[in-house]
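Letters go in sequence order (proteins before strands), and every chain restarts at 1.
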Amino acid sequence: MNPDKALNFLEEIVAEDVKSGKHGGRVLTRFPPEPNGYLHIGHAKSICLNFGLAKDFDGKTNLRFDDTNPVTEDTEYVNSIKEDIQWLGFNWAQELYTSDYFPKLYEFAVTLIKKGLAYVDDSSAEQIASMKGTPTEPGKNSPFRDRSIEENLDLFSRMKKGEFKDGEKVLRAKVDMASPNMHMRDPLMYRIKHVEHHRTGNEWCIYPMYDFAHGQSDSIEEITHSVCTLEFEVHRPLYDWFIEKLQIFPSHQYEFARLNLNYTVMSKRKLLQLVNDKHVTGWDDPRMPTISALRRRGYTPLSIRNFCDRVGVARRENVIDVGLLEFCVREDLNKIAMRVMVVMDPVKLVITNYPDGQTEILKGENNPELEDKGGERDLPFGKELLIERDDFMENPGKKYFRLGPGLKVRLKHAYIIECESFEKDAAGNITEIRCKYIPESKSGNDTSGINVKGTIHWVSKTHAISCELRLYDRLFRVEDPSTAEGDFKDHLNPDSLHINANAMAEPSLKNAKAGDKYQFIRKGYFCLDKESTSNHLIFNRTVSLKDSWAKAGS
RNA sequence: UGACCUAUGGUGUAACUGGCAACACGUCUGAUUUUGGUUCAGAAGAGUCUAGGUUCGAGCCCUAGUAGGUCAACCA
C-alpha cells in the first residue's frame with residue numbers, strides 16, 4: 001500500500017481493527033457473487049476493494065458463490081466469474097459455495113425454531129405481502145405466528161422432505177412486524193422450490209433466502225469484514241440479529257457506494273436483457289461494461305485496477321465519467337503497446353521520382369516509450385503507397401500540418417515528400433496524390449536540412465494487408481439510460497459499432513495473435529479480436545488516441 | 001406520512017480528526033516531439049446544500065430545514 005495515499009473509510013476501519021487486535025488482528029474478506037450473470041466493471045470495484053483490503057493488511061479473501069436461488073444460477077456463470085477474477089490479477093484463498101452450507105443453515109434454522117424465533121407460515125405470497133404493511137404503516141402478525149415449537153419443527157422437516165408444493169409454506173423469523181425497518185418484519189428464511197440446483201442437484205427442495213444465508217456464511221467462514229454495497233445497509237440490523245440469536249461468529253457488514261458509469265447500464269438484469277434481445281452479440285460484446293467485454297476490447301487488468309483505485313471508495317452515490325476509464329487504458333497501453341501503421345481510409349499516393357518496381361526495407365522502432373524502443377521491425381517502401389484520406393486537403397488552412405498541393409510532410413520512418421499534383425474522379429473524390437520524395441531526408445540519416453511540421457503514416461500498396469476494424473462508440477446516447485424517459489433500450493446508440501472493412505495494414509501485422517495489443521500510429525489502440533483468422537484480420541478499437549486537432553474542430 | 005444513509009470545483013476522491021480546501025480526470029495556455037500521441041511547464045475553476053448555534057477559530061461538532069438515495073421480490 002502506498003503510505004502517502006489517504007486511506008478510504010474502509011481501510012481506516014480495518015487499520016483500526018488490526019491495530020486494536022480485533023479478531024487477533026486477522027483480516028478475512030470475501031467476494032460473494034451470485035452466479036447468475038457475468039461480472040461487470042462495478043464488480044471490479046468490489047473485487048479490487050475486497051482483495052485489496054486483504055492484501056494491504058496481510059489477510060486473505062474467499063471467493064464465495066452466493067448460490068441460493070437455483071432458478072437463475074448456472075455453472076457457465078461460475079466459470080466466467082472465476083476467469084474474470086483471475087484475469088484481473090487476484091487469487092482467492094478458498095473457493096466456496098453457499099450451497100455447501102445448506103446442511104449447516106438448516107441446523108441454524110432448527111435452532112431458531114427451538115428458541116421460538118422462527119415459524120412456518122402457510123400464508124400465500126400475496127397474503128404475506130399485504131400483512132407486511134408499508135414503510136409508513138406497521139404490518140400485522142400472521143395467524144400462523146404462534147404455532148407451537150413442536151408443530152413448527154414438524155412442518156419444517158416436512159418442507160425439507162418435499163411434502164409441500166412450491167409456495168405452500170415458508171419459514172419466517174419471528175422478529176417484529178411493527179419495525180420501521182421492513183426487513184425486520186418477520187423476514188422469510190426459507191422457501192420451497194422444487195428446482196434442480198447447479199451443485200446440489202435435487203437434494204434440496206427448500207432454499208434459504210439471502211438474509212438467512214449471506215450473514216451466516218460469513219460467520220461460518222469467520223469473515224472479519226463483510227463488505228457490500230449501500231442497498232444492503234437496511235439489511236444490517238437483520239444480519240446482526242441472526243448472528244446474535246444464533247450466537248455465532250460476529251462478522252460485521254460494511255457498506256460502500258457502488259460504481260456507476262455514464263453512458264451505460266450496470267444492472268445484471270438489464271445487461272442480460274441486452275444479450276437476450278440481441279442488442280449485443282453476447283456478454284463479451286466489446287461494447288458491454290462486463291469484464292469479459294473489456295478484456296476482449298483490449299483493456300488490460302492493470303488499467304482496470306488503476307481505474308478502481310482512482311474512483312475511490314465512499315458512501316455517496318456517484319457517477320464516474322467513462323473518460324476516466326479511457327484515460328486509464330491509454331495510460332497503460334501507451335507504455336506497452338507496439339506501434340504499427342494502419343491506414344483506415346486509404347487513398348493512393350505515387351512517388352514520381354522513385355524507381356518503378358523498387359522495394360526498399362526501412363526500419364521502424366516499435367515503441368518509443370520503452371528503454372530499447374521495443375526493437376525494430378521491417379517496413380517495405382515503394383513507389384506506390386497508401387495514406388489516410390484525411391491527411392490530404394485540396395485547400396488546406398494555415399494550421400493544417402499535413403499534405404496539400406505544394407506542401408511537404410514526413411512519412412513516418414521514411415522520407416519527406418512534397419505534393420506535386422493530384423487527381424479526382426467525377427464525383428470530386430481524390431483518387432491519386434502525386435509527390436516527389438527527397439532522398440537525403442531518409443529517417444535516421446536526414447541530411448536534407450528540411451523541417452516539416454507534420455508526420456503522417458502510410459503503408460506500401462503492394463505489401464499492405466487488408467483488415468477489418470471494429471470501431472466502438474458508447475452503447476447509449478444518454479448519460480443515464482436507467483433514469484431517462486421510456487425504456488432504457490430506447491436510448492441505445494444506433495452507431496455504437498462501426499465496421500470498417502477497407503483498412504490496410506503494414507505487413508508485420510500478419511503474425512498478430514488474438515488479444516495482441518497495438519497502437520495504430522495517430523489513430524488509436526487496437527487489439528486482434530478472437531474472431532480474426534489468418535486471412536481475415538479483425539481488430540477491435542480499444543480506444544482512440546487523444547486528438548487535440550479534431551477537438552479544435554477543423 | 002415512516003426509518004435509515006448521503007451532501008466539498010464539471011466529475012470523482014482528500015483535508016493529519018476543529019486551524020482560512022488538496023489530488024486525479026476533464027478544460028484552457030505554452031514548450032518539446034519523425035504519432036496534432038507521449039512528456040514537460042503553467043492557468044482557470046469550489047469557499048464546502050441552506051439557516052441558525054457551539055468555539056478565539058467549523059468543510060469537520062450540535063439543531064432545524066432542503067435536496068438526493070435506499071427500504072414494502074417466496075431475487076441477491
Side-chain angles (χ1 to χ4, degrees), chain A residues 5-8 12 32-34 36 66-69 71-73 121 123-125 128-130 132-139 166-172 179-185 188-193 206-207 209-211 213-214 228-237 255 257 259 262 268-269 309-321 323-328 330-331 334-335 339 341 364-365 368-369 399-402 409-414 416 441 443-444 446 451-457 519-524 544-552:
Chain A
K5 219 191 149 211
L7 300 185
N8 64 48
E12 256 169 33
E34 183 189 10
N36 67 345
D66 219 338
D67 55 353
T68 57
N69 184 9
V71 257
T72 55
E73 295 155 5
D121 195 331
S123 310
S124 69
I128 288 176
S130 72
K132 206 143 213 176
T134 70
T136 52
E137 304 160 38
D166 286 10
E168 213 175 313
K169 287 181 168 38
V170 291
L171 183 72
R172 300 177 73 176
S179 171
N181 183 334
M182 298 294 288
H183 297 277
M184 299 300 269
R185 318 240 266 227
L188 270 61
M189 293 166 62
Y190 271 92
R191 75 288 216 194
I192 300 170
K193 277 180 194 283
I206 55 171
Y207 293 95
M209 299 286 290
Y210 169 84
D211 284 310
H214 198 99
C228 63
T229 47
L230 245 30
E231 65 269 29
F232 292 99
E233 184 171 18
V234 282
H235 293 246
R236 183 159 23 103
E255 311 87 17
L259 170 77
N262 56 12
K268 279 196 272 188
R269 203 197 94 245
D309 223 58
R310 267 182 250 247
V311 298
V313 178
R315 285 175 63 86
R316 60 173 149 171
E317 295 292 326
N318 59 82
V319 182
I320 309 293
D321 195 315
L324 183 62
L325 221 206
E326 295 178 343
F327 166 83
C328 291
R330 288 197 188 100
E331 180 188 43
N334 174 53
K335 291 184 204 138
R339 272 60 168 170
M341 296 197 284
E365 63 181 16
E369 301 295 318
K399 290 204 299 212
Y400 187 79
F401 302 152
R402 310 174 196 175
V409 281
R410 155 83 57 189
L411 291 175
K412 180 79 179 172
H413 301 310
I416 291 174
S441 69
S443 201
D446 182 350
N451 262 320
V452 291
K453 269 300 235 187
T455 299
I456 64 174
H457 58 284
Q519 184 198 102
F520 290 3
I521 286 183
R522 302 210 300 140
K523 287 297 173 188
S544 63
L545 245 35
K546 278 215 292 188
D547 189 348
S548 52
W549 168 249
K551 198 165 61 180

Atom pair distance, as rounded to whole Å: [atom1] in [X] and [atom2] in [N]:
{"X": "E233(A)", "N": "A3(B)", "atom1": "CD", "atom2": "P", "value": "15 Å"}
{"X": "M182(A)", "N": "C74(B)", "atom1": "CE", "atom2": "P", "value": "10 Å"}
{"X": "L545(A)", "N": "G37(B)", "atom1": "CG", "atom2": "C1'", "value": "4 Å"}
{"X": "N69(A)", "N": "A76(B)", "atom1": "CG", "atom2": "P", "value": "5 Å"}
{"X": "R185(A)", "N": "C74(B)", "atom1": "CZ", "atom2": "P", "value": "14 Å"}
{"X": "L171(A)", "N": "C74(B)", "atom1": "CG", "atom2": "P", "value": "14 Å"}
{"X": "K399(A)", "N": "G36(B)", "atom1": "NZ", "atom2": "P", "value": "15 Å"}
{"X": "E317(A)", "N": "C71(B)", "atom1": "CD", "atom2": "P", "value": "10 Å"}

Just to be sure I understand the rule, does [X] reach a base, reach only the sugar-phosphate, or reach nothing, if contact means heavy atoms closer than 4.0 Å?
{"X": "H457(A)", "answer": "nothing"}
{"X": "E137(A)", "answer": "nothing"}
{"X": "V452(A)", "answer": "nothing"}
{"X": "K412(A)", "answer": "base"}
{"X": "G454(A)", "answer": "nothing"}
{"X": "R330(A)", "answer": "nothing"}
{"X": "T68(A)", "answer": "sugar-phosphate"}
{"X": "P138(A)", "answer": "nothing"}
{"X": "R315(A)", "answer": "sugar-phosphate"}
{"X": "S548(A)", "answer": "sugar-phosphate"}
{"X": "K193(A)", "answer": "sugar-phosphate"}
{"X": "V170(A)", "answer": "base"}
{"X": "A125(A)", "answer": "base"}
{"X": "T229(A)", "answer": "nothing"}

Problem - Separation of K335(A) NZ from Q519(A) CD (nearest 0.5 Å) - result: 14.0 Å

Can you tell me how far [atom1] in [N] sits from the matching atom in [M], rounded to whole Å?
{"N": "A3(B)", "M": "A64(B)", "atom1": "P", "answer": "12 Å"}
{"N": "G42(B)", "M": "U6(B)", "atom1": "P", "answer": "39 Å"}
{"N": "U35(B)", "M": "A24(B)", "atom1": "C1'", "answer": "25 Å"}
{"N": "A21(B)", "M": "G57(B)", "atom1": "C1'", "answer": "16 Å"}
{"N": "C60(B)", "M": "U17(B)", "atom1": "C1'", "answer": "8 Å"}
{"N": "A51(B)", "M": "C23(B)", "atom1": "C1'", "answer": "32 Å"}
{"N": "G12(B)", "M": "A7(B)", "atom1": "P", "answer": "12 Å"}
{"N": "U27(B)", "M": "A15(B)", "atom1": "P", "answer": "27 Å"}

Exercise for the section: Let me see the working for L545(A) and K523(A) under side-chain contact (heavy atoms from CB on, under 4.5 Å), right down to the final yes or no. Expected result: CA-CA 6 Å; L545(A) 245 35; K523(A) 287 297 173 188; 5.9 Å; no

Under 4.0 Å from OP1 or OP2 of [N]: is there any side-chain N or O of [X] that close?
{"X": "K551(A)", "N": "U27(B)", "result": "yes"}
{"X": "R191(A)", "N": "C75(B)", "result": "yes"}
{"X": "T455(A)", "N": "G36(B)", "result": "no"}
{"X": "K268(A)", "N": "A76(B)", "result": "no"}

Practice task
Name the pairing partner of U55(B), where a pair is Watson-Crick or G-U wobble with both distances under 3.5 Å, or state none.
Solution key: none

Problem - Residue matched to U1(B) through Watson-Crick or wobble contacts both under 3.5 angstrom - result: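 Pairing partner: none.
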
Hey, is the main chain of [Y] close enough, under 3.5 Å, to the side chain of [X] for a donor-acceptor pair?
{"X": "T229(A)", "Y": "E231(A)", "answer": "no"}
{"X": "R315(A)", "Y": "E255(A)", "answer": "yes"}
{"X": "D321(A)", "Y": "L324(A)", "answer": "no"}
{"X": "E12(A)", "Y": "N8(A)", "answer": "no"}
{"X": "R410(A)", "Y": "A414(A)", "answer": "yes"}

Donor/acceptor link under 3.5 angstrom from [X] side chain onto base of [N]:
{"X": "R310(A)", "N": "U13(B)", "answer": "no"}
{"X": "R522(A)", "N": "U35(B)", "answer": "no"}
{"X": "E369(A)", "N": "G37(B)", "answer": "yes"}
{"X": "H235(A)", "N": "A76(B)", "answer": "yes"}

Exercise for the section: Please test Y190(A) against V170(A) for side-chain contact (heavy atoms from CB on, under 4.5 Å), starting from the C-alpha separation and ending with a verdict. Expected result: CA-CA 6 Å; Y190(A) 271 92; V170(A) 291; over 6 Å; no

Nearest to side-chain heavy atoms of [X], which nucleotide of [options]:
{"X": "N318(A)", "options": "A72(B), A14(B), G12(B)", "answer": "G12(B)"}
{"X": "I320(A)", "options": "U35(B), U1(B), G12(B)", "answer": "G12(B)"}
{"X": "L324(A)", "options": "C25(B), C74(B), G37(B)", "answer": "C25(B)"}
{"X": "M209(A)", "options": "U35(B), A14(B), C74(B)", "answer": "C74(B)"}
{"X": "F401(A)", "options": "A76(B), G36(B), U13(B)", "answer": "G36(B)"}

Problem - Which residue lies more 5' along RNA chain B, comparing F327(A) with G444(A) via nearest heavy atoms - result: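 Its nearest nucleotide lies further toward 5', so the answer is F327(A).
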
Practice task
Specify the residue among G323(A) and S441(A) whose closest nucleotide of RNA chain B lies further upstream toward the 5′ end.
Solution key: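 Counting from the 5' end, the first nearest nucleotide belongs to G323(A).
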
Problem - U17(B) glycosidic torsion: syn (within 90° of 0) vs anti - result: syn

Problem - Anti or syn - G9(B), cut at 90° from 0 - result: anti

Handout entry: Y210(A) ring over A76(B) six-membered base ring, under 5.5 Å and 30°
Key = no

Exercise for the section: Could you label the plane-to-plane angle of the H183(A) and H235(A) rings as parallel, tilted or perpendicular, counting under 30° as parallel and over 60° as perpendicular? Expected result: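 The arrangement is tilted - the two ring planes meet at 30° to 60°.
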
Handout entry: No-hydrogen, no-angle side-chain donor-acceptor test under 3.5 Å, S123(A) and D121(A)
Key =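 Their side chains do contain a donor-acceptor pair, which is all the 3.5 Å distance test asks for.
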
